Protein chains: 2
Amino acid sequence: MNQASIVAKAALNAWSIQVDRTGKFLDSLTDEQLEREIAPGKNRGIYLIGHLIAVHDVFPEILGLGKKNHPEYQVIFLQTPDKGIQDIPTTKELRQNWKSVHERLQLAFEKMPAEDWLKRHESMTDEDFAKEPARNKLSVLLNRTSHLAYHFGQLRLLK
Amino acid sequence: MNQASIVAKAALNAWSIQVDRTGKFLDSLTDEQLEREIAPGKNRGIYLIGHLIAVHDVFPEILGLGKKNHPEYQVIFLQTPDKGIQDIPTTKELRQNWKSVHERLQLAFEKMPAEDWLKRHESMTDEDFAKEPARNKLSVLLNRTSHLAYHFGQLRLLK
């Protein structure tokens, strides 16, 4: 294994650990548990799952791997606070989209050459990237992993 | 910058983001807020901060950079559940140790050659590492970052 492959493997492993743990935990929750607030007055479980789907659905765009599948989720789960939502998708829909958004990413990551993780991502200009080469696709993956872990820690309080 | 330096910078940046955010949030909490449970019946803020200090205090040992400074924290915050603790360190002590444990890591990481992140860590045998080179020091850093983000997500509920 070359250096880039070892790095990509370590980073994708850290990502998959969080995706798998959150997915398994989601499967273990009843719909009623998922609809509860994580703590009194805080976000509901369904809101956090929708929020994570919305963030991960736009991930392929940042990596240059294709468009998002659920543009309506951007408005509901990224631009609206939980308490402001009129119509939230059903738990059934959210559970399905959790699976499909991560299956898509998994397939895309498997096809991606390890060296590509060190390349510029789509939210950076060539000029900025020349100055800050550590703000690459890998850094997006690492920060998405932290973001997922952050909300998984909150979701765990539903049980 | 060579490949190893770029990778180390991206990974250390992801780590520092979580350390800095958690540290600032901790500074913004009163002692009374820190002593509250993150949700009814769940761990207290002080327990989670002590738990993070205990895990990060042993981090230099795993990287081969020196012994832990607070062995007593291993018993209190890693082997005892919050509800089983008789004498918990004061908020003042925890706030001080939060700072010192991360200052020590920061200095150690600054001195560490970027290539070292791809080397074997102290909990792996040479034999296992030959089979799984992605289970290197970098992977420990990535998993510690996720672990910190997980508990930071919970601590945020104290406000």
Side-chain angles (χ1 to χ4, degrees), chain A residues 1-19 21-22 25 36-43 48 52 114-115 117-121 129-159, chain B residues 1-19 21-22 25 36-43 48 52 114-115 117-121 129-159:
Chain A
M1 268 211 255
N2 66 23
Q3 218 176 52
S5 303
I6 291 171
V7 167
K9 193 169 178 184
L12 286 170
N13 190 41
W15 161 261
S16 296
I17 287 172
Q18 299 305 315
V19 170
R21 284 186 189 163
T22 309
F25 182 72
R36 281 188 206 148
E37 291 175 341
I38 50 166
K42 306 288 181 182
N43 290 323
L48 291 182
L52 288 169
E115 291 72 21
W117 287 106
L118 299 182
K119 293 183 182 162
R120 185 180 67 84
H121 64 73
F129 186 59
K131 281 182 228 158
E132 297 185 83
R135 289 180 58 195
N136 47 28
K137 292 180 183 182
L138 180 74
S139 73
V140 183
L141 177 66
L142 300 183
N143 291 326
R144 290 294 173 282
T145 304
S146 293
H147 176 259
L148 169 53
Y150 176 96
H151 289 303
F152 177 44
Q154 298 178 331
L155 285 162
R156 282 291 301 268
L157 301 172
L158 290 168
K159 260 196 174 175
Chain B
M1 264 209 258
N2 66 24
Q3 220 177 50
S5 303
I6 291 171
V7 167
K9 194 169 176 183
L12 286 170
N13 189 40
W15 160 261
S16 295
I17 287 172
Q18 299 304 316
V19 170
R21 283 185 190 163
T22 309
F25 183 72
R36 280 186 207 150
E37 292 174 342
I38 50 166
K42 306 289 181 181
N43 290 324
L48 291 182
L52 288 169
E115 291 72 22
W117 288 106
L118 300 182
K119 294 182 182 162
R120 185 181 67 83
H121 63 72
F129 187 59
K131 282 182 228 157
E132 298 184 82
R135 290 180 58 194
N136 47 29
K137 291 180 183 182
L138 180 73
S139 74
V140 183
L141 178 65
L142 300 183
N143 292 326
R144 289 293 173 284
T145 304
S146 294
H147 177 259
L148 169 53
Y150 176 97
H151 288 303
F152 178 43
Q154 298 177 331
L155 285 163
R156 281 293 298 270
L157 301 172
L158 290 170
K159 260 196 173 175

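In what follows, chains are A, B, ... by sequence order, proteins preceding strands, each numbered from 1. Just so you know, these numbers come straight off a predicted model, no measurement behind them.
- With a 4.5 angstrom heavy-atom cutoff, A:K159 touches chain B only via backbone atoms.
- When each of B:A8, B:P133, B:S139 is scored by its heavy-atom pairs under 4.5 Å with chain A, the top score falls to B:P133.
- The OG1 atom of A:T22 sits 9.0 Å away from atom OH of B:Y150, with the distance rounded to the nearest 0.5 Å.
- Of the listed residues (B:L155, B:N13, B:L118, B:L138), the greatest number of heavy-atom pairs within a distance under 4.5 Å of chain A belongs to B:L118.
- The two residues A:Q3 and B:A4 have their closest heavy-atom pair at OE1-N, 3.9 Å.
- Contacts of A:H121 classified as ring-ring contact (aromatic ring centres under 6.0 Å, His included), with partners at least two apart in sequence or in another chain: none.
- In terms of heavy atoms, A:A10 sits closest to B:A134 at CB-O, 3.6 Å.
- Surrounding NZ of B:K42 are more than 12 heavy atoms belonging to other residues, nucleotides or ligands, all under 6.0 Å away.
- Only the side chain of B:I17 comes within less than 4.5 Å of a heavy atom in chain A; its backbone stays farther off.
- Neither the backbone nor the side chain of A:N43 comes within contact range of chain B; no heavy atom of the residue lies under 4.5 Å from a heavy atom of that chain.
- The shortest heavy-atom contact between B:A11 and A:L142 is CA-CD1, 3.7 Å.
- The contact between B:Q154 and chain A is made by backbone and side chain atoms together, counting heavy-atom distances below 4.5 Å.
- For the pair B:I38/A:L157, a side-chain contact is recorded, criterion being any heavy-atom separation below 4.5 Å from C-beta on.
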